[in-house]
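Worksheet for the structure shown next.
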Amino acid sequence: MKSIVDFTVKSNKELNSSTILLIVESKEELPRILPGQFVNVKIDNNSVLLRRPISIHDVDYKNRQISLYIKVLGKGTASLKELEVGDIVNILLPLGNSFDISLGKKPLLIGGGCGVAPLLYLAKVLFEDHNIKPTVLIGARSEEDILQVNEYKKYADLLISTEDGSLGEKGYPTNHTVWDNPEFDCIYCCGPEIMMKAIAVKSKEMNIPCEVSLENTMACGIGACLCCVQDTDKGHQCVCTDGPVFNINVLKW
Amino acid sequence: MKSIVDFTVKSNKELNSSTILLIVESKEELPRILPGQFVNVKIDNNSVLLRRPISIHDVDYKNRQISLYIKVLGKGTASLKELEVGDIVNILLPLGNSFDISLGKKPLLIGGGCGVAPLLYLAKVLFEDHNIKPTVLIGARSEEDILQVNEYKKYADLLISTEDGSLGEKGYPTNHTVWDNPEFDCIYCCGPEIMMKAIAVKSKEMNIPCEVSLENTMACGIGACLCCVQDTDKGHQCVCTDGPVFNINVLKW
Amino acid sequence: MVNTIVDLNGLKLKNPILTASGTFGYGTEYSDFVDLEKLGGFIVKGTTINHKEGNPYPRMAETASGMLNAVGLQNKGVNYFKSKIYPEIENLDTNIIVNVSGSSIEDYIACSEIVNDLSHIPAIELNISCPNVKEGGMAFGTSAKAAFDVVSQVRKAYGKHLMVKLSPNVTDITEIAKAAEDAGADSVSLVNTFMGMAIDINTQKPLLSTVTGGLSGPCIKPIALRMVWQVAKAVNIPVVGLGGIMNAADAIEFMLAGASAIQVGTANFIDPDITIKILDGIHEYMKEHNIDDINDIVGII
Amino acid sequence: MVNTIVDLNGLKLKNPILTASGTFGYGTEYSDFVDLEKLGGFIVKGTTINHKEGNPYPRMAETASGMLNAVGLQNKGVNYFKSKIYPEIENLDTNIIVNVSGSSIEDYIACSEIVNDLSHIPAIELNISCPNVKEGGMAFGTSAKAAFDVVSQVRKAYGKHLMVKLSPNVTDITEIAKAAEDAGADSVSLVNTFMGMAIDINTQKPLLSTVTGGLSGPCIKPIALRMVWQVAKAVNIPVVGLGGIMNAADAIEFMLAGASAIQVGTANFIDPDITIKILDGIHEYMKEHNIDDINDIVGII
Ligand SMILES: Cc1cc2nc3c(=O)[nH]c(=O)nc-3n(C[C@H](O)[C@H](O)[C@H](O)COP(=O)(O)OP(=O)(O)OC[C@H]3O[C@@H](n4cnc5c(N)ncnc54)[C@H](O)[C@@H]3O)c2cc1C
Ligand SMILES: Cc1cc2nc3c(=O)[nH]c(=O)nc-3n(C[C@H](O)[C@H](O)[C@H](O)COP(=O)(O)OP(=O)(O)OC[C@H]3O[C@@H](n4cnc5c(N)ncnc54)[C@H](O)[C@@H]3O)c2cc1C
Ligand SMILES: Cc1cc2nc3c(=O)[nH]c(=O)nc-3n(C[C@H](O)[C@H](O)[C@H](O)COP(=O)(O)O)c2cc1C
Ligand SMILES: Cc1cc2nc3c(=O)[nH]c(=O)nc-3n(C[C@H](O)[C@H](O)[C@H](O)COP(=O)(O)O)c2cc1C
Ligand code: FES
Ligand code: FES
């Protein structure tokens, strides 16, 4: 069941000049959250009208906290950056489907840009609930954009690629040597569309099952407005309810 | 010359549950400000579109500070209440005409509600620059709404009336005993329209010159939009440039 | 006890709050947040005779105090509604209204006939004002003659309450409203979205796949309110007002301007439980202003 | 050096930035904030043949991302402009355009003839779209025939650049634009304000003395932009775009949609020096996107 919850800001940390880690706490028990699900955050000042969809980066049931990993892009996210400890944030959750854990036994998680956000919680669930230590490959422009490294290392083997070679291998995630001798049997991917499309092509070639998490623009987040559609083999599907996670086989990429 | 100045908030004090005293400081020399003039304050968050006109309550040329006495009514003023020390407020100033100091020698200043705002600076100018100690009569619903008492007392003899009699005389400013044996020869008045109209009637009867400061809703504050008009014997005049101070003789009250 | 029941020409609502078509799904999307039976009713999404895929993505762009959408009436068709959705909601104790859309008079008639047979659907809202479909849609709503034609034809095919939803993209909305009244509408609802557009200056491309889309939200409220006021003065059938209603104050403005009931649209996206908050706010307002019957404030301006 | 000069059918502007009538006074109100000679031009307030007192107070109400005004063309008449204002501004090195308003064709003609004699006024903007006056005004702008009539009559009386300002309160703005073009307009500007309204639910009274007024500001931008895009595709004369332009990005959107120049209105009230900021922003955009000539982006959508 989805609900509207007033969370309290517990911490709001700048990870780099354009990325924040926002940790918020609920008074009540958290609902069960699946990896890949997202929230829809109400922006408090009136500078924007609609809520902003943000993936669930981490969940701490004990302390009733969730964390959000947010790239500051425009007015809505800028306003989230201004939040201070103790402020109230109204959040709609949990939204969307989730990654299909049964896709394989040796998963490779690939994240680019702020697409890494949902992969931490996915890695955690794989590790803690399914006894699987996944491989996580993070790609970014440069060293400053490779964040939360120690968090990923808790649950996963971490690989890094940067476009400028300042950390990990130089190049895009698609060029990483992890592909040369693939020891993974399924892929979960989230990042810029152009990257996900490239990964989709590779995984199809290699016949490895692959899921991607999409970030279409949304209004309601609950399947009511039909604004967030993605073209699939079943026609237009809502990214907010039929997704955000899709198996690449159903996409018309 | 009017200018647009980025002021810095020096202090923002709650005087009572719905009134704040906002003191802001400019990096540059303040322009010369006449008593009765006002500023047009830009509201930073996007919840409102237009600037908000606020009287100049006090001026400190030496420290390049002005103070604003603000009643929190709606979204714009609520947003001013949120301002914190160090925040930047963009202000257009100085706007409007001013009280006519030559109206008399023994002035009575009457303020009701947040209409007291411009009277402090008027009293100060009369006292410091013209060697006149005016009488100030403040009316309010109740004791909690009688604010800045010590400030007024610096420059004026202070009389108080409250509707519930909790401080000063019980009743409206128009019923105050100051009228019984009038020792004043001119009146400057600012407050709710209904009060100013009553004062205007009384002063006409008693043949005492009287100026009132109006608070029509404004868009530009600089005479460009013609939204703030008042009907006068010269037709529609702009409260923001021909006013806010008008002699009651020109008003069609 | 105060009265909030309004009677729209025979269609009784327990309170004046409806939800706007296309913004409330089939109601079920909101059942986690709203006790649907507390509403005066809800209007399900635009339904056409045949399945429609709608327009390509991107279909949405946010603007100052508003949003543009170009959904284009995506729906699985009226027969899908009848067989799959209707059984899920038919027993709700509230008014479920189907928004009937089409691109030809024949389509409107065919769709209305099917809905006519659904015993728990007491009314249709005839959408002659959708700006997001190539053929028909808004064309029927922007000429008095075309509006008269389609409404009078549907009137023959549909026996229950016929609400006609008007387009604001017209010079004189009272003309269209009067044409709908003359053609036998039981009520009119207004407004649908305004045709608007937005551009990404970096890509130098429109933000919607269809270039233009429908503008909704608080930005349109002043214009919608004016139109409701004009139409309420011009027709003798009840007027249902909408366009940018975000809170109880907005709803009351529409009622003061002449709306017997109101619809909440875009606001549902921001606060899924906003309809209940509006209902509560209306009760508070009635209390504060000593209003015993909500009908007493309708059209006092 | 990049080029920002635009040529509106013979009327040369040093850059595409004009100010909207009624929002910039006679220019002088802004001279403390803006070097007027840096602007492409400015359009003075609505001027009529005779003195007009305008509508009673209250004339203004703020709405979501917008404002309603009901000024009603208050001005001292064209002869006052000629004798008192014109001498103060005639030597400014920029284009001063007079917004000619009226309530009968005769008034428009008489006013235009007087302005025709002012050698430093290179153009008039014929306001056939003011929603705030009882007679005439918007009526001329809401029918193609009426628009054609008034424009063709004024065309005979006025020899210089004739810009016609269109009302957005119409079903099909391209029809009116084409009528203005056919009648001899040198350019069209759009949009004027949308007719809107607002109510105070506590007093249960309209917020404007005239009940309805004209809506301007960012809220109208998506609709205005759509109309500019439609009109630019429909006519062969230059289009001047306005409606809710608050910053350089908004201005560029209008140019991409087909406006050869733009006007800044309500934004002047919030930031009196916004025109200069927009000009700077356009220069930055041109640099970032390697645009040598601002005319290159006009209408690429
Ligand atoms: C299911 C889902 C999960 C998401 N998870 C995260 C997350 O965990 N962390 C995170 O930082 N972001 C995430 N996003 C993206 C996030 O929602 C947008 O970045 C945010 O809405 C931008 O809002 P804004 O007001 O700051 O920017 P706006 O002012 O709305 O836009 C600024 C710029 O960003 C672009 N933009 C807006 N929305 C998107 C979008 N959805 N995708 C790409 N570009 C966009 C606009 O076109 C514009 O150029 C997610 C989106 C979805 C749909
Ligand atoms: C020349 C001038 C000087 C002023 N000086 C002061 C001052 O020193 N201190 C101060 O507190 N206020 C002053 N005001 C009034 C102040 O401008 C308004 O209270 C303020 O604009 C309200 O803004 P808001 O966004 O908080 O309220 P809104 O959300 O705009 O309105 C809230 C409520 O207040 C009412 N309201 C709005 N504006 C006014 C107004 N001008 N007069 C009366 N009611 C209004 C509205 O109708 C509404 O009911 C002055 C006004 C003028 C014109
Ligand atoms: C995403 C979306 C989809 C819509 N779909 C429909 C529809 O199918 N049929 C219809 O008549 N109106 C539709 N509308 C218009 C709304 O019902 C309503 O008329 C409009 O949004 C104005 O109200 P609002 O400002 O409260 O949203 C839609 C609006 C939105 C935002
Ligand atoms: C206070 C005010 C007065 C106006 N007066 C006139 C006028 O006299 N003549 C005219 O053609 N338009 C007038 N307008 C309309 C503007 O010129 C402009 O068309 C409209 O405001 C839309 O642009 P904006 O959203 O940038 O303000 C006026 C607008 C406002 C807000
Ligand atoms: S965001 Fe509304 S349906 Fe997906
Ligand atoms: S507020 Fe614009 S003229 Fe006074």
Side-chain angles (χ1 to χ4, degrees), chain C residues 61 63-68 131 138 141-143 167-173 176 194-202 204-207 211-215 217-230 244 246 248-257 285 288-289 297 300-301, chain D residues 61 63-68 131 138 141-143 167-173 176 194-202 204-207 211-215 217-230 244 246 248-257 285 288-289 297 300-301:
Chain C
T63 62
S65 298
M67 64 176 276
L68 289 163
M138 195 168 85
T142 53
S143 119
S167 170
N169 299 293
V170 295
T171 307
D172 182 357
I173 195 164
I176 320 284
F194 289 77
M195 198 176 153
M197 119 183 216
I199 295 172
D200 182 332
I201 63 163
N202 288 315
Q204 305 191 331
K205 298 238 150 54
L207 281 166
V211 185
T212 64
L215 184 66
C219 58
I220 67 169
K221 196 192 78 175
I223 319 180
L225 188 67
R226 179 265 294 181
M227 291 181 167
V228 164
W229 177 73
Q230 291 178 316
M246 305 304 281
D250 293 340
I252 291 161
E253 280 192 65
F254 275 88
M255 298 193 75
L256 292 167
Y285 178 83
E288 270 171 34
H289 289 76
I297 70 163
I300 66 182
I301 284 182
Chain D
T63 62
S65 299
M67 64 175 277
L68 288 163
M138 196 169 84
T142 53
S143 119
S167 169
N169 299 292
V170 295
T171 308
D172 182 359
I173 197 165
I176 320 284
F194 288 77
M195 198 176 153
M197 121 185 216
I199 295 171
D200 182 330
I201 64 163
N202 288 314
Q204 305 191 330
K205 299 238 150 50
L207 281 166
V211 185
T212 63
L215 183 67
C219 58
I220 67 169
K221 196 192 79 177
I223 318 179
L225 189 67
R226 179 264 294 179
M227 290 181 166
V228 164
W229 177 72
Q230 290 178 316
M246 305 303 282
D250 293 340
I252 292 161
E253 280 192 66
F254 275 89
M255 298 194 74
L256 292 167
Y285 178 83
E288 270 172 33
H289 289 75
I297 71 163
I300 66 182
I301 283 183

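By convention in this document, chain letters (A, B, ...) are assigned in the order of the sequence lines, proteins followed by strands, and residues within each chain are numbered from 1.
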Proximal component of [X], with respect to chain D [non-hydrogen, under 4.5 Å]:
X: L225(C); result: both
X: I297(C); result: side chain
X: A61(C); result: neither
X: V211(C); result: side chain

Item to check | Pick from E253(C), M246(C), H289(C), M227(C) with the largest number of heavy-atom pairs that fall under 4.5 Å of chain D | outcome: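 Max contact count across the listed options: E253(C).
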Checklist entry - If you tally heavy-atom pairs under 4.5 Å against chain D, which of I201(C), I220(C), V228(C) wins? => result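 The answer is I201(C).
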Checklist entry - In Å and rounded to the nearest 0.5 Å, what is the CD1 to CH2 distance from I199(C) to W229(D)? => result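 Going from CD1 on I199(C) over to CH2 on W229(D), the span is 9.5 Å.
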Checklist entry - For the atom pair CG (L68(C)) and CD1 (I223(D)), what is the distance rounded to the nearest 0.5 Å? => result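 Separation between the atoms: 9.0 Å.
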Name the region of [X], side chain, backbone, both or neither, that has any atom closer than 4.5 Å to a heavy atom of chain C.
X: Y285(D); answer: side chain
X: I301(D); answer: side chain
X: I300(D); answer: side chain
X: A224(D); answer: neither

Checklist entry - Which residue out of P222(D), S65(D), P206(D) racks up the most heavy-atom pairs below 4.5 Å with chain C? => result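 Among P222(D), S65(D), P206(D), the one with the most close pairs to chain C is P222(D).
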Item to check | Contact leader toward chain C among A249(D), G196(D), G66(D), where contacts are heavy-atom pairs under 4.5 Å | outcome: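 Going by pairs under 4.5 Å, I would pick G196(D).
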Checklist entry - Which heavy atom of Q230(C) sits nearest a heavy atom of M195(D), and at what distance? => result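 It is NE2-CE, 3.6 Å.
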Checklist entry - Does any non-hydrogen side-chain atom of L256(C) lie less than 4.5 Å from one of K205(D)? => result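 The answer is no; the side chains never approach within 4.5 Å.
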